[in-house]
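The figures that follow rest on heavy atoms only: side chains count, while hydrogens, waters and symmetry mates do not. Throughout, protein chains are lettered first and strands after them, A, B, ... in sequence-line order, and every chain is numbered starting at 1.
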There are 2 protein chains.
Amino acid sequence: MVCVATRKQRAERRADALSKDRIVEVAIEILDTEGESALTFRALTARLDTGAGAIYWHVANKSELLAAATDDVLGSAMARVRGDGDPRRTIRAIALGVFDAIDAHPWVGAQLSREPWQPAMLPVLEGIGTQLAALGASERAQFDSASALLSYLLGLAGQYAAAARLPRDTDRSAFLAAVATQWEQLDSARYPFVHRFATRLRGHDDREQFLAGVDLILAGIAG
Amino acid sequence: MVCVATRKQRAERRADALSKDRIVEVAIEILDTEGESALTFRALTARLDTGAGAIYWHVANKSELLAAATDDVLGSAMARVRGDGDPRRTIRAIALGVFDAIDAHPWVGAQLSREPWQPAMLPVLEGIGTQLAALGASERAQFDSASALLSYLLGLAGQYAAAARLPRDTDRSAFLAAVATQWEQLDSARYPFVHRFATRLRGHDDREQFLAGVDLILAGIAG
DNA sequence: ACCTGAACACCGTTCAAGT
DNA sequence: ACCTGAACACCGTTCAAGT
């Protein structure tokens, strides 16, 4: 404890200026280390050593803060994606970029599935669409395929976010194993497929599984 | 006002018994008429003329309540689906059943995207899987395709839920039009595809668009 | 066994007041 | 212009106490 004097009057103004970037940065830190539910304005003010009003001066509300954080993470993930001239491979690379970002930051998945039409998705959509056009797909097919791929990505996003909302010691594969166990106890006469699905769920590789879905959609595209 | 006498002592026990079914029923009413955000325990207690504890006697928590409500709506939607012997057509019918349920009750979309692995999804998964098997797809292809279709459905669910969370006077098509307008104002050199996408977004038919995505995935299935 | 309703432990957000 | 921090208007959930 450095400041000794009894502080009866209000604290003086902070020296290092606050900024939206700084706030977003700390928000990402909290989200990554302690999870979605730990990001509260109280946690932020404590970490930033300030008051709630100071944060609201830089950021309109929590939704904007989460959107900015998501834009940050997803934006830099998209910036890392390199096309290699092959449209299908590039689409896979974009999809994997989103996948890996969500895998590393499950709260991004929550935010995307809560607010799908946010700025962070623009580079993703643009990237996918450009490749679909390069593939020679018709305007209509470009629209349909881009929509389908987007929905697929968002669906996956939600699943990751859901797994991340569980108690912190259970990771995703442990969670899936628990789901599998539960499903295996269902009446197998009524749910034969779910039974088989559960068994496969146990051993599956998330990333591989995800790519298989992307390929399935890509395979359906004429052209 | 019927009861005139000054009520100083606590109200006597209610005559008509409470039950989980009754609670779920009222919850669905609130969700349908006033939206997701209107479902609070305070609203429920007011509508059921009881205390919070009474609800907790029948239902573990809000998450269970929402799961039960979702199970109800989706369950009866699935019960209405009739197969006609053609696997692909039946899968489309199942998917449309989910779509229509979400369209009519957007909060179902929110719940599904928040908790994808809930009981309500079992009949959906089982139905899809059964048809994929009938289609002669390999075990692996059944697993991949069912997963992809599920993720696609969940992605769509999230999008509907997001649109429903907006101020109540804006319906989904008005919302999409607003998104389109916003995207059309983007730098068209940087986002050429998003521009074209926005234009199509305006005139598109949700249901048709949804089916196009299902067909795209189905088309990719070998067999 | 079932219900009552006050109380608890949180939230996001606002705002008068300070520098 | 930027920040402080108490206060407001909510939540879901708990629990001692009633019938």
Open item on the list: Using whole Å, what does the distance between atom P of nucleotide C/dG12 and atom CG of A/L65 come to?
Closed with: 10 Å

Open item on the list: Under 4.0 Å, counting only non-hydrogen atoms across every strand here, what does B/L39 touch: a base, just sugar-phosphate, or nothing?
Closed with: sugar-phosphate

Open item on the list: Using whole Å, what does the distance between atom P of nucleotide D/dC11 and atom OH of B/Y56 come to?
Closed with: 12 Å

- [ ] Kindly say whether the aromatic ring centers of B/Y56 and B/F41 come within a distance under 6.0 Å.
- [x] yes

- [ ] Send over the distance from B/F41 CZ to C/dA9 C1', rounded to a whole Å.
- [x] 16 Å

TODO: Can you tell me the distance, in whole Å, between the CG atom of B/L44 and the P atom of D/dC10?
DONE: 17 Å

Open item on the list: Strictly below 4.0 Å: does B/W57 bring a side-chain N or O up to OP1 or OP2 of C/dC3?
Closed with: no

Open item on the list: Reading DNA chain D from 5' onward, which residue's closest nucleotide shows up sooner: B/R42 or A/G53?
Closed with: A/G53

Task: Residue-phosphate contact under 4.0 Å: B/H58 side-chain N/O, C/dC3 OP1/OP2 - done: yes

- [ ] Could you check how far CD of A/E64 sits from P of C/dT13, rounded to whole Å?
- [x] 11 Å

TODO: Answer yes if the ring centres of A/Y152 and B/Y152 are under 6.0 angstrom apart, and no otherwise.
DONE: no

- [ ] Using Watson-Crick or G-U wobble geometry with both distances below 3.5 Å, tell me the partner of D/dA9, or none.
- [x] none

Open item on the list: Output the rounded distance in Å from CG (B/L66) to P (D/dT13).
Closed with: 10 Å

Open item on the list: Quick check against the 3.5 Å criterion: does A/R202 have a side-chain atom that pairs as donor or acceptor with the backbone of A/A178?
Closed with: no

Using distance only, find each side-chain donor-acceptor pair of residues 72-79 of chain A under 3.5 Å and give its atom names and separation, not counting sequence neighbours.
unit_1	atom_1	unit_2	atom_2	d
A/S76	OG	A/D72	O	3.3
A/S76	OG	A/V73	O	3.2

Task: Which nucleotide in C/dC3, C/dA6, D/dG12 has an atom nearest any side-chain atom of B/L18 - done: C/dC3

Task: Rounded distance (Å) that lies between atom C1' of D/dT14 and atom CD1 of B/I55 - done: 14 Å

Task: Any strand: nucleotide that pairs with C/dC2 via Watson-Crick or wobble, under 3.5 Å - done: D/dG18

- [ ] To the nearest Å, give me how far apart CG (A/L48) and P (D/dG5) are.
- [x] 14 Å

- [ ] Could you label the plane-to-plane angle of the B/F193 and B/F197 rings as parallel, tilted or perpendicular, counting under 30° as parallel and over 60° as perpendicular?
- [x] tilted

